[in-house]
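Atoms within a ligand are numbered from 1 in the order they appear, just like the ligands themselves.
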Amino acid sequence: MRVLVIGNGGREHALCWAIAGSPMLSKLYCAPGNPGIAAVAECVPIGVMDISELVIFAAENNIDLVIPGPEAPLVAGIADAMARADIACCGPSAAAAALEGSKTFTKEVADAAGIPTALWERFDDAAAARDFVSRRGAPLVVKADGLAAGKGVVVAMTEAEAQSAIADFMEAGTLGAAGAAVVIEEFLQGEEVSVFALCDGLTAISLGAAQDHKRVFDGDRGPNTGGMGAYSPPPCLPPALEAEIMTRFIRPTLAEMHRRGTPFRGILFAGLMLTADGPKLIEYNVRFGDPECQCLMLRLKSDLLGALVAACDGELGNYDLRWHERAAVAVVMAAAGYPEAPRPHTPIGSLAGAEAVADVKVFYAGTALLDGVLVSNGGRVLSVCATGASIASARASAYAGVDALAWADGFCRRDIAWRALASAG
Ligand code: AMP
Ligand code: GLY
């Protein structure tokens, strides 16, 4: 098979690394890729949102399967565009990608499918939203309806914070069209967990679960980021609870999407809160998480490519994935200044030293080669990952990998997986 992966992050490096080992693969491309991905795939300089160019490339190069990593091209209709050119694409149509692209849509689907989620209301009008907040009082969560690259959610512990989120999103237009409407919902308390499923439109199979760390600094302080680290499997999600999430959340969602005539195909990522009243859906994403994907790929024993093909062919009914009985931890190394203003183009040394640490695998994200030197080129730059017999041992190896790097301008959180270690006693 000739395969094209789309993206340039640590997630796409992990996907390419997993697919590169597939016995079904004959040629792997990645657009646009990065210097780490270049070791396992041929990188093609086409951006993730240049959909018509990606279709032309795929057609001209006889691509058998396209695998988009990030959400933006899916929400923009890359799967539909590939379908029109008769090219298989493992991802949802734009209509089905609304599960990530529109908070209101997700809430409507959840309600129709009887899925537990926070009570919510949608507002197109700032005055009505403000009035609702003053009637309900804090805490509340204010969410921009559209895609906002992680900046569209304000967990407001005070009424003033909620009011200022409404002013920013709906009046100042800080998020553009994405913030024109908001969903305001009940504040949920509990432990957050991410569950991944591979879907073929009718059937879903588990792709494992993980927990991540969104805040930039130790102790879950500082602004939100795309994710500073992750670990899998999450100790708070025993197998029976994971199975329950497949039965009570994922499968009813698939059935509802099918009933609406917009079947979901691809990776469905459920963000859940384990509350005192049981699990509740926080959000859906229509792709793998980054860096959760890195952990899942290190734990997956089965051939990923075969599974993705089965999802495209509607044949997951008899499919079964095998996993290594090991834990995985990913520690993200970011450039100083991330997330506001990551310092660009600082040299990174001793990658080989990090990868020489037993059980460590480094996936590249925002990196570039300048005159043959590997430099940072973005906010999240590397995910230093490791496997181990336990989360504690995987974490120790990952940090040994971090310590072997020579990158003065990089930083990471030092407390990745603290919850898992706390629960292990
Ligand atoms: P999202 O961008 O939708 O992933 O939301 C960002 C973060 O906001 C989530 O990871 C949660 O930590 C938090 N969050 C979202 N919705 C709620 C809610 N209803 N109650 C409490 N926290 C929430
Ligand atoms: N790490 C969270 C995400 O990919 O959305």
Between [X] and [Y], what is the ring plane arrangement, given parallel below 30°, perpendicular above 60°, and tilted in between?
{"X": "F123", "Y": "F132", "result": "tilted"}
{"X": "Y364", "Y": "H13", "result": "perpendicular"}
{"X": "F269", "Y": "F196", "result": "tilted"}
{"X": "Y231", "Y": "H213", "result": "tilted"}

What protein heavy atom lies closest to [atom]? Include the residue and the distance to one decimal.
{"atom": "atom 19 (N) of ligand 1", "result": "E185 OE2, 2.7 Å"}
{"atom": "atom 5 (O) of ligand 2", "result": "R287 NH2, 3.0 Å"}
{"atom": "atom 9 (C) of ligand 1", "result": "E192 OE2, 3.4 Å"}
{"atom": "atom 2 (O) of ligand 1", "result": "V153 CG2, 3.3 Å"}
{"atom": "atom 3 (O) of ligand 1", "result": "E283 OE1, 2.9 Å"}

Subset of ligand 1 atoms that lie under 4.0 Å from at least one heavy atom of [X]:
{"X": "M273", "result": "21 (C), 22 (N)"}
{"X": "F187", "result": "20 (N), 21 (C)"}
{"X": "I282", "result": "15 (C), 16 (N)"}
{"X": "K103", "result": "3 (O)"}

Among V154, V155, V141, which one puts a heavy atom closest to atom 13 (C) of ligand 1? V155
Closest to atom 1 (N) of ligand 2 by heavy-atom distance, out of G289, A210, G226, is G226
Between ligand 1 and L188, is the shortest N or O to N or O distance under 3.5 Å? yes
Any side-chain heavy atom of F169 within less than 4.5 Å of one from V154? yes
Taking side chain as C-beta onward, heavy atoms only, is Y338 less than 4.5 Å from V381? no
D111 and W120 side chains, donor-acceptor separation under 3.5 Å: yes
Between the main-chain N or O of G222 and the side-chain N or O of R215, is there a donor-acceptor pair closer than 3.5 Å? yes
Look at the side chain of R130 and the backbone N and O of Q163, then say whether any donor-acceptor pair between them is shorter than 3.5 Å. no
What part of E292, side chain from CB on, backbone N/CA/C/O, both or neither, has a heavy atom under 4.0 Å from ligand 2? side chain
Do any nitrogen or oxygen atoms of K214 lie less than 3.5 angstrom from nitrogen or oxygen atoms of ligand 2? no
Which atoms of ligand 2 have any heavy atom of D212 under 4.0 Å away? 1 (N), 2 (C)
Does ligand 1 have an atom under 4.0 Å from some heavy atom of K143? yes
Taken to the nearest 0.5 Å, the spacing of T225 OG1 from K151 NZ works out to 10.0 Å
